[in-house]
Amino acid sequence: MAGIDDARIQRLNEHPADSAGRYVLYWMQQSQRADSNPALEHAVREAEERNQPVVVGFGLTADYPDANARHYAFLLQGLAHVQDRLRDRGIKLVVRRGSPDQVALELAADASLVVCDRGYLRHQRAWRRRVAEEAGRAVVQVEGDVVVPIEVVSQKREYAARTLRPKIERVRDGFLTSLTEADPTKSSLRLRVTGDVDPSDPERLLRALEVDREVAPVESFVGGTDEARRRLTRFLRSGIGGYAENRSEPAAEQVSGLSPYLHFGQISPVEVALKARASKSAGREDLATFLEELVVRRELSANYVYFAEDYDRYGALPEWARKTLEKHKEDARPARYTRDELEAGKTHDRYWNAAMAEMRETGYLHNTLRMYWGKQIIQWTNTPGYAFDTALYLNNRYFLDGRDPNSFTNIAWLFGLHDRPWQERDVLGTVRTMTRGGLDRKYDMDAWMAQVEERSGPVGPDAPTA
């Protein structure tokens, strides 16, 4: 067991702690868990030094960018677990409706010190800047949702995984240490600080929120750290063996299913990596492949959105990719569809329609099909800029792990980010392609189609293009 590495801790302002404060506030937003959470543990230690209790605050906004009932249901299920676990440790969770930064400032008024976790997207960073500027007391950020703190790895936007990988691997093992957890000496459960939201009944709370309900919650994923750990245990027992060979086969379903839990901070990537390394089922190549995706690829995404201010815009793509796509903008398309037709899965391509059905019904899609799904959008829409916006809209609307650094990065990858030029073709130019024939050659698509239709209903046959 170990403490919190100093590289994870960053002062966000120069204010001193407030000696008149009644508690140490941990403003929880990204790391939505009560276990293996460096920000929470730092708050506990600071509280012990001050002989004060810890209060955990959470701002529940009903207008989080691109979020809908599907995302909120998962988040609220996780918060219910957080509340139970914190109560066991003598820590009060205070949830209030409102913008997260405003809720944090309200709770900071009676705090001696504010501790927060870290997010990389524009609005997440803006929230933390505002709290640091206006809280009037020390605000400390603790990074706990990547394995290696972002600035430790690189001070610039990385070109590709191959440039980031050696930088991470040089220091990765030093950050793969389990975290010592301690219950605070002073309980905050009876402290007079209240919220206006009780997360103990997620379904009732969801009904009371004014959120987009067009995309419904799913039964295939249940939020919370306990469920994340169950999935991880199941994967390490029966899925990680052979992972390197089988992870790309959609019908094999040999994946961890942890991406929604990592997105909402309901499980620590350090915990996942440590348990994977301790697994007796993983061969050397299996473990290396899993850690490549969990650490290198995921943290490449964090690097991208952190250093590219316009990460969610077509203009952020590499110059070579934009030039080749613009060069081929007037090429004849094999088919043309509106965004509404795509969202409804009304194309000529049975595989594509099945992928869209899977997204709509389950909030999930195997990564191989995500790539195929996105590449076809480029070919079936009028301009590459519109294709980019459409792919990002559908991704963030339906996937439980949408609206994530991985989402923005993976959508941009479809258009050439972190990749290189390939053989020139119509429409895509030298951006990498992915074809229907390639799926048929490499994968058991009949088996995958049968799985999708069992979950989502019949998809129908392929149709001729107009």
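Note that this is a predicted model, so its numbers are computed, not measured.
- Within the structure, the ring pair (Phe, Tyr, Trp, His ring centres under 6.0 Å) test picks out the following pairs touching residues 68-122 (sequence neighbours left out): Phe74-Tyr261, Phe74-Phe264.
- Residue Val56 comes nearest to Leu25 through the heavy atom pair C-CD1, 4.5 Å, listed as atom of the first residue, atom of the second, then distance.
- Not one N or O on the side chain of Gln32 forms a donor-acceptor pair closer than 3.5 Å with the backbone of Gln266.
- In this structure, the side chain of Arg322 engages the main chain of Leu317 through a donor-acceptor pair within 3.5 Å.
- More than 12 heavy atoms of other shown residues, nucleotides or ligands fall within 6.0 angstrom of atom CZ in Arg213.
- Asp117 and Tyr26 share a side-chain donor-acceptor pair at under 3.5 Å.
- For the residue pair Ser407 and Asn395, the shortest heavy atom distance occurs at OG-ND2, 3.1 Å.
- Ile91 CD1 to Asp183 CG: the interatomic distance, rounded to the nearest 0.5 Å, is 7.0 Å.
- Distance alone, capped at 3.5 Å, places no donor-acceptor pair between the Asp110 side chain and the Arg22 backbone.
- Considering only heavy atoms from C-beta on, Val146 stays 4.5 Å or farther from Phe175 through its side chain.
- A side-chain donor-acceptor contact under 3.5 Å links Lys92 to the backbone of Val193.
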Item to complete: Apply the test side-chain contact (heavy atoms from CB on, under 4.5 Å) to residues Val82 and Met28: give CA-CA distance (whole Å), side-chain angles for both, the deciding distance (0.1 Å), then the verdict.
Response: CA-CA 10 Å; Val82 169; Met28 174 186 286; 3.9 Å; yes
Practice prompt. Applying side-chain contact (heavy atoms from CB on, under 4.5 Å), run through Leu176 and Arg277 and close with a yes or a no.
Written response: CA-CA 10 Å; Leu176 283 178; Arg277 291 209 307 186; 3.8 Å; yes
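- Using a 4.5 Å heavy-atom cutoff, the side chains of Leu121 and Pro405 are in contact.
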Discussion item. Walk me through whether Arg298 and Asp404 qualify under salt bridge (Lys or Arg N to Asp or Glu O under 4.0 Å).
Written reply: CA-CA 10 Å; Arg298 187 167 175 272; Asp404 186 86; 5.6 Å; no
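- Formation of a donor-acceptor pair under 3.5 Å by the Arg455 side chain with backbone atoms of Glu361 is not found in this model.
- Ser259 places no side-chain N or O within 3.5 Å of a backbone atom of Asp401 that could act as its donor or acceptor partner.
- With Arg89 contributing its side chain and Ala182 its backbone, the two residues share a donor-acceptor pair below 3.5 Å.
- Atom CZ of Arg162 has 12 or fewer neighbouring heavy atoms from other residues, nucleotides or ligands inside a 6.0 Å radius.
- Distance CG/Leu79 to CG/Asp84: 11.0 Å, rounded to 0.5 Å.
- Using a 4.5 Å heavy-atom cutoff, the side chains of Leu40 and Glu181 are not in contact.
- With rounding to the nearest 0.5 angstrom, the CZ atom of Arg157 is 6.0 Å from the CG atom of Leu417.
- Of the listed residues (Glu48, Gln52, Glu46), just one forms a side chain to side chain donor-acceptor pair (under 3.5 Å) with Arg50, and that residue is Glu46.
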Discussion item. Is there a side-chain hydrogen bond (donor to acceptor under 3.5 Å, both in side chains) between Arg339 and Thr390? Walk through the geometry before answering.
Written reply: CA-CA 7 Å; Arg339 183 176 294 183; Thr390 296; 3.2 Å; yes
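- A ring-ring contact (aromatic ring centres under 6.0 Å, His included) with Phe408 is found for one member of Phe388, Tyr304, Tyr311 and no other, namely Tyr311.
- For Asp226, there are no salt bridge (Lys or Arg N to Asp or Glu O under 4.0 Å) partners at least two apart in sequence or on another chain.
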Item to complete: Please step through salt bridge (Lys or Arg N to Asp or Glu O under 4.0 Å) for the pair Arg403 and Asp66, ending with a clear verdict.
Response: CA-CA 7 Å; Arg403 308 161 301 111; Asp66 297 324; over 6 Å; no
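- A 4.5 Å side-chain heavy-atom check between Ile267 and Lys275 finds every atom pair outside the cut-off.
- Between Ser279 and Arg237 the shortest side-chain heavy-atom distance does not fall below 4.5 Å.
- Put simply, the side chain of Arg165 does not reach to within 4.5 Å of the side chain of Leu300, judged on heavy atoms.
- The line from OG of Ser187 to CZ of Arg87 is 11.0 Å long, rounded to the nearest 0.5 Å.
- Of the possible donor and acceptor atoms, one in the side chain of Asn68 sits under 3.5 Å from a partner among the backbone N and O of Arg397.
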Practice prompt. Start with the C-alpha gap between Arg297 and Glu293, add the side-chain angles, then the distance that decides, and say whether salt bridge (Lys or Arg N to Asp or Glu O under 4.0 Å) holds.
Written response: CA-CA 5 Å; Arg297 300 287 175 165; Glu293 295 183 359; over 6 Å; no
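- Rounded to the nearest 0.5 angstrom, Ser301 OG and Glu158 CD are separated by 13.0 Å.
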Discussion item. What verdict does the salt bridge (Lys or Arg N to Asp or Glu O under 4.0 Å) test give for Arg172 and Glu169, after you've listed the backbone C-alpha separation in whole Å, the side-chain angles of each residue and the deciding distance to 0.1 Å?
Written reply: CA-CA 5 Å; Arg172 182 193 69 189; Glu169 290 182 346; 5.0 Å; no
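- Between Arg336 and Asn382, the side chains place a donor N or O and an acceptor N or O closer than 3.5 Å (distance only, hydrogens not considered).
- With rounding to the nearest 0.5 Å, the separation of CZ in Arg96 from OG1 in Thr61 is 15.0 Å.
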Discussion item. Checking Asp198 against Ser200 for the side-chain hydrogen bond (donor to acceptor under 3.5 Å, both in side chains) test, could you report, in this order, the C-alpha distance in whole Å, the side-chain angles of both residues, the deciding distance, and whether it holds?
Written reply: CA-CA 6 Å; Asp198 179 6; Ser200 63; 2.9 Å; yes
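- Note that Arg118 lies in the cation-pi zone of Tyr306, set by a 6.0 Å cut-off to the ring centre and a 45° limit from the axis.
- Side-chain atoms of Ile168 and Val147, non-hydrogen and from C-beta on, never get closer than 4.5 Å to each other.
- At a threshold of 4.5 Å between non-hydrogen side-chain atoms, the residues Glu49 and Arg45 do not count as touching.
- Closest approach of Leu93 to Pro199, counting heavy atoms only: CD2-CG, 4.2 Å.
- Taking the ring axis of Phe221 as reference, the NZ or CZ atom of Arg70 does not stay both within 45° of it and closer than 6.0 Å to the ring centre.
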Practice prompt. Just do the side-chain contact (heavy atoms from CB on, under 4.5 Å) check on Thr381 and Leu342 with the steps written out, would you?
Written response: CA-CA 10 Å; Thr381 48; Leu342 292 170; 4.0 Å; yes
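- Judged by distance alone, the side chain of Ser112 and the main-chain N or O of Ala17 form no donor-acceptor pair under 3.5 Å.
- The shortest heavy-atom contact between Ser99 and Trp127 is OG-NE1, 3.9 Å.
- When all heavy atoms of Ile240 and Ala276 are compared, the closest pair comes out as CD1-CB, 4.3 Å.
- Taking each heavy atom of Gly402 and His263 in turn, the nearest pair found is O-CE1, 3.2 Å.
- For the pair Gln376 (side chain) and Met434 (backbone), a donor-acceptor distance under 3.5 Å is present.
- More than 12 heavy atoms of other residues, nucleotides or ligands lie within 6.0 Å of CD in Glu151, so this atom counts as buried by the packing criterion.
- Residue-environment remark: CG (Asp6) stays at or below the threshold of 12 foreign heavy atoms within 6.0 Å.
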